[in-house]
Amino acid sequence: MEKIVSLAKRRGFIYPGSEIYGGLSGTWDYGPLGVELKNNIKQLWWRMFVQERDDMCGLDAAILMNPKAWEASGHVSGFSDPLVECKKCKRRFRADQVGEKCPECGGQFGEVRQFNMMFKTHVGAAEDESSVSYLRPETAGGIFVNFKNIVDSFHPKLPFGIAQIGKAFRNEIAPRDFVFRAREFEQMEIEYFVRPGEWGAAFTEWQANVHAFNEVVGIPRGSVHELEVADGDRAHYSKRTIDFEFDFPFGRKELYGLAYRTDFDLKAHAESSGVDLSYLDDASGERFVPHVIEPSFGLDRTILALLASVYTEDELGGEPRVYLKFNSAVAPIKAAVFPLLKNKPELVAKAREVYSMLKKQIPQIMWDDNGNIGKRYRRQDEIGTPYCITIDFDTLGEKPELADTATLRDRDTGEQERASIDNIVSRIA
Ligand code: ATP
């Protein structure tokens, strides 16, 4: 874990939030490579679950919502974790994560009390109870309150789903384990609406879709385990939940959740808002409130599970090396282009030409002319770039038969081959 955190910081994937001020617990800033990685994952998800399907549509709802929505959903009264405070050192812990005694000083704990994890804020200039609102603790809320808008605009036939990617906020009692448990994080969520009797089949379908997504991203199936969450341990809205757990470096922990939320949310919002949220089923002529299956993907946990999966140490050319074995769909940089020497203008000009040609087709291309080629390879290995292209004197025609060829070096094997630039460009693009 330490190695991953340190590489993520050193190479510009993930920095501690507000670091120059000593940080802010539970916040993380994604650097230049982290944001590319994140965007690649979001795009894969969006493409797989929204754009490539006929039964899904997307949404980007506001983070701030009318507080009545969170009262109706049960979050104001029930979205809490059990908190204990040490009587001696006053430190606070999540009661379900500590033993009988304070792990810091061995002191006794006081009574367990429920701590609501929603961040409270005020909307508008008045700072009284009437202006209280919350930062959304899950993106799902925005989906439920837009159910009627989407049905009215598009008349989708059941079953259909609404997907959303966005920030969620939870005032976690004990943020920890890097981006695994943060106070500000990103979720990719789907509410998939079904006829009440058809929830079982949809649940099974989404169970398989979760694994299919992991495969596309590059999280190995063997590291992901399904846990059927028992009665009493499920969220207040759920009749069935499967947690998809991943073997993180700090233990087997929840990566994603899949829940059967029944008609709990739509019914609660209909009751609380006074707006009819039922659905008229053309097929049967019946009007009813659809039930819902919710696959919930944490984006930051995806990134951590992926980093843990692709972090590799091996030996190459008799020297130890570290590399990230990203597949090319998620790799933040798809290829790097080097001029063999940076003080030879004709080499630099040719390399620039190749670089621009590639960058026009795939923007995630990097230029590097710093230090010797071996060091440049190692730097690209460490950020998971699948290919490096080197422009040398042969490219310029020193050996006429090699004109307009370059070396293409493979990250995983370290092997280099000589190929025509056209061939290299079409292979990478
Ligand atoms: P946990 O039991 O680990 O607190 P949870 O069961 O409360 O998680 P859900 O409410 O099911 O989590 O949230 C859906 C998904 O959002 C989780 O599977 C996870 O990927 C992500 N997630 C939840 N809380 C956090 C957090 N504090 N930091 C990062 N991701 C989170």
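These numbers come from a predicted model, not from an experiment. What's counted below: heavy atoms across the whole structure, side chains too, no hydrogens, waters or symmetry copies. Both ligands and their constituent atoms are indexed starting at 1 by order of listing.
In terms of protein heavy-atom proximity, atom 21 (C) of ligand 1 is closest to G298 CA, 3.8 Å. In terms of protein heavy atoms, atom 16 (O) of ligand 1 is closest to Q187 NE2, 3.2 Å. Here the protein heavy atom with the shortest distance to atom 15 (C) of ligand 1 is S296 OG, 3.6 Å. Of the protein's heavy atoms, F180 O, 3.1 Å lies nearest to atom 29 (C) of ligand 1. The protein atom (non-hydrogen) at minimum distance from atom 7 (O) of ligand 1 is R170 NH1, 3.1 Å. Distance from atom 28 (N) of ligand 1 to its nearest protein heavy atom, with residue and atom name: A182 N, 3.0 Å. In this structure, the protein non-hydrogen atom closest to atom 18 (O) of ligand 1 is E254 OE2, 2.7 Å. In terms of protein heavy-atom proximity, atom 22 (N) of ligand 1 is nearest to F185 CE1, 3.5 Å.
Atoms of ligand 1 found under 4.0 Å from any heavy atom of Y256 (numbered from 1 in listed order, with element): 18 (O). Distances below 4.0 Å separate heavy atoms of G257 from the following atoms of ligand 1: 18 (O). For ligand 1, the atoms sitting less than 4.0 Å from at least one non-hydrogen atom of V179 are 29 (C), numbered in the order shown with element in parentheses.
In this structure a side-chain-to-backbone donor-acceptor pair under 3.5 Å is present from R376 to G371. No side-chain donor-acceptor contact under 3.5 Å links D233 to the backbone of V229.
Ligand 1 has a nitrogen or oxygen under 3.5 angstrom from a nitrogen or oxygen of E172. For ligand 1, one of its N or O atoms has an N or O atom of L255 under 3.5 Å away.
Note that CG of L135 is 14.0 Å distant from CE of M117, once rounded to the nearest 0.5 Å.
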(Q) Test ring-ring contact (aromatic ring centres under 6.0 Å, His included) on W206 and F213; report intermediate values, then the result. (A) CA-CA 10 Å; W206 283 101; F213 174 70; over 10 Å; no
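Looking at D243 against ligand 1, nothing comes within 4.0 Å, counting heavy atoms. Counting heavy atoms under 4.0 Å from ligand 1, residue R181 touches it through both backbone and side chain.
Here E205 pairs with R53 in a salt bridge; the nearest charged N to carboxylate O distance falls below 4.0 Å. In summary, E215 and R221 do not engage in a salt bridge, as defined by a charged side-chain N under 4.0 Å from a carboxylate O. Using a 4.0 Å cut-off between charged nitrogen and carboxylate oxygen, R183 and E172 do not count as a salt-bridge pair.
Partner of W28 under the ring pair (Phe, Tyr, Trp, His ring centres under 6.0 Å) criterion, chosen from Y15, F180, F178, F13: F178.
Stacking of R91 on the aromatic ring of F93 is not recorded, the 6.0 Å distance cut-off and the 45° axial limit not both being met.
For F193 and F147, the ring centers are positioned less than 6.0 Å apart.
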